[in-house]
Amino acid sequence: GDCTGSMLQKDLTEPREVTFRSPEITVNLSEDKSERPDIFAAGPAELTFYVQDANAVDSTGDPNTAKAPESPIPVTVTAQKQARFSGAANQIVFENDCNCVTVREDANGVTEYMLLSELITVDLAEDSNDRASGLTGGIEHLKASGGVVRLATTRTAKADPDSAGYVSDANDGEVLGGVELKCTRVDYDPIRGLFEASGPPAEIWMDNSKVAVSEKDPNGFSLSEPCYALLENFDSLKYYINENRIVAEAVPNGALWLHYVPVVDGVHDLDSIATASAPLVEALLVETPDGRTELSSLTATGGIDVNDLSNGNHFLGTDLYYDHKTSIMRVIGDESKPCLCNGALVDEIEYNVTTGKLNFDLVAPGAMQTNP
């Protein structure tokens with residue numbers, strides 16, 4: 001009817017109770033008492049465990065050297081059909097309309113992370129006493145598959161705690177923005193520090209339209225400014241967590257497409273849309289002092305096409321290199337894909353996205369169509 005099991009999770013800065021709930025739980029015991037049993041739980045089944053916030057430990061995993069230890073964060077996984085644990089494989093499988101949710105709260109707001117799929121498979125670490133297991137909740141590998149897999153992050157505002165509008169629930173308060181990934185499969189390997197999304201189809205939609213800006217970024221392509229952004233048509237996207245590096249690859253013989261729409265005074269500026277395409281993109285991210293994630297550098301290869309309506313520039317070439325610190329974008333070409341700047345053949349393009357200044361040398365006579 002209402003079965004509940006619990007055990008103490010000790011591999012945290014503060015011990016917590018792991019709980020499991022289901023209308024009916026069946027445990028198949030092995031004759032060898034040293035072997036783990038197989039467990040079947042009818043849906044709706046719910047598992048709640050805890051992970052340690054990365055800020056609570058240093059790179060060695062020693063909580064005693066933490067700068068500011070945080071309380072463990074709960075993660076809740078639900079499945080409508082059933083959940084199965086295989087003792088031999090040390091694996092949990094959640095089936096049908098699965099939902100994995102965790103919420104982080106800080107001084108400025110509440111962030112909710114949600115993974116939705118038809119099937120979630122979790123391989124558990126053999127050594128539950130490993131001091132690093134608290135960071136991942138004892139997960140060795142997680143796979144989400146079946147139908148359309150969605151991974152969504154939503155950021156909501158939190159009012160002044162001294163006022164009546166104080167928000168402590170991720171479902172309350174004004175939505176500031178979020179990111180949603182849609183693909184066919186998600187793999188997460190905390191041991192290797194690798195997150196991978198696979199398609200096709202696959203896309204990432206970012207809504208940064210209501211982000212609060214204390215100091216305007218002069219860079220025209222900053223994702224920290226109010227904007228919408230869409231990355232689509234990728235076959236695989238790998239995020240190397242420890243390096244803060246993203247590698248996205250298009251479907252065979254295809255191209256990734258990035259669409260950027262700035263928001264001015266709460267209204268999207270259709271006259272300033274920028275689009276770019278390339279078969280392969282690699283980006284390095286950096287965390288700013290105020291905790292935001294910003295683009296550090298970007299490399300696009302295999303044939304690029306950049307069209308910025310805000311200033312009428314259109315670049316074609318083989319490769320593109322962008323440095324956010326200097327605001328410089330470089331485009332080069334080769335015989336198969338010549339470098340073109342607004343229709344004119346050039347040897348190379350150097351473009352400052354902050355000032356709008358273009359540097360190039362013409363290779364052949366042609367009419368240059370660009371704004372001063």
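This is a predicted model, so every value here is computed, not measured.
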**Audit row: N244, Y239, side-chain contact (heavy atoms from CB on, under 4.5 Å) steps and yes/no** = CA-CA 7 Å; N244 227 3; Y239 173 44; 2.6 Å; yes

Between atom [atom1] of [X] and atom [atom2] of [Y], what is the distance when rounded to the nearest 0.5 Å?
X	Y	atom1	atom2	answer
Y50	T13	OH	OG1	12.0 Å
I328	T355	CD1	OG1	7.0 Å
D347	F360	CG	CZ	10.0 Å
L295	K325	CG	NZ	14.5 Å
T78	L47	OG1	CG	10.0 Å
T121	L119	OG1	CG	4.5 Å

Cationic N near anionic O, under 4.0 Å, [X] to [Y]:
X	Y	result
E46	R21	yes
R16	E14	yes
R185	E196	no

**Asked** How are the rings of H324 and Y322 set relative to one another: parallel (under 30°), tilted (30 to 60°) or perpendicular (over 60°)?
**Response** perpendicular

**Request:** In sequence, state the C-alpha distance, the side-chain angles, and the governing distance for D2 and T4, and then conclude on side-chain contact (heavy atoms from CB on, under 4.5 Å).
**Result:** CA-CA 7 Å; D2 186 13; T4 302; 4.3 Å; yes

State whether the side chain of [X] and the backbone N or O of [Y] hold a donor-acceptor pair below 3.5 Å, judged by distance alone.
X	Y	value
N342	H314	yes
S86	A89	yes
T154	G178	no
N233	A255	yes
S296	V286	no
T318	K337	yes
T156	V110	yes
N242	G193	no

**Asked** Can you list the steps and then say if N359 with Y351 is a side chain to side chain donor-acceptor pair (under 3.5 Å)?
**Response** CA-CA 6 Å; N359 287 321; Y351 176 55; over 6 Å; no

Is [Y] close to [X] at the side-chain level, that is, under 4.5 Å between some pair of heavy atoms?
X	Y	result
V101	E112	yes
L230	M206	no
V75	C100	yes
M114	N99	yes
E17	Q9	no
S198	D235	no
R330	L320	no
E118	E95	no

For [X] and [Y], work out which heavy atoms get closest and say how close.
X	Y	answer
D189	E140	OD1-O, 3.6 Å
A42	P23	O-CD, 3.3 Å
C341	L358	SG-CD1, 4.1 Å
G302	D319	N-OD1, 3.5 Å
N352	T326	ND2-O, 4.2 Å
C339	V331	SG-O, 3.6 Å

**Asked** Is the number of heavy atoms from other residues, nucleotides or ligands within 6.0 Å of NE2 (H268) greater than 12?
**Response** no

**Request:** Might you confirm whether atom CD of E24 has over 12 heavy atoms from other residues, nucleotides or ligands at distances under 6.0 Å?
**Result:** no

In terms of hydrophobic clustering (I, L, V, M, F, W, Y; side-chain heavy atoms under 4.5 Å; direct or indirect links), are [X] and [Y] co-clustered?
X	Y	answer
V353	I332	no
W205	V149	no
V179	L231	yes
V186	V148	no
L124	V77	yes

**Prompt:** For D32 and S30, what are the C-alpha separation, side-chain angles and deciding distance, and is it a side chain to side chain donor-acceptor pair (under 3.5 Å)?
**Reply:** CA-CA 5 Å; D32 185 350; S30 171; 5.8 Å; no

**Message:** I'd like to know whether F20 forms a side-chain contact (heavy atoms from CB on, under 4.5 Å) with I25, so could you lay out the CA-CA distance, the side-chain angles of the two residues, the decisive distance to 0.1 Å, and finally the verdict.
**Reply:** CA-CA 10 Å; F20 187 79; I25 299 177; 3.9 Å; yes

**Message:** When you compare the side chains of D308 and S310, does any donor N or O come within less than 3.5 Å of an acceptor on the partner?
**Reply:** yes

**Prompt:** Do Q80 and N96 have a side chain donor and acceptor closer than 3.5 Å?
**Reply:** no

**Message:** Pair F234, W257 - check ring-ring contact (aromatic ring centres under 6.0 Å, His included), show working.
**Reply:** CA-CA 8 Å; F234 65 84; W257 280 95; over 10 Å; no

**Pi-cation contact, F40 with R84 (under 6.0 Å, within 45°)** = no

**Request:** Applying side-chain contact (heavy atoms from CB on, under 4.5 Å), run through H141 and D187 and close with a yes or a no.
**Result:** CA-CA 7 Å; H141 184 270; D187 286 274; 3.0 Å; yes

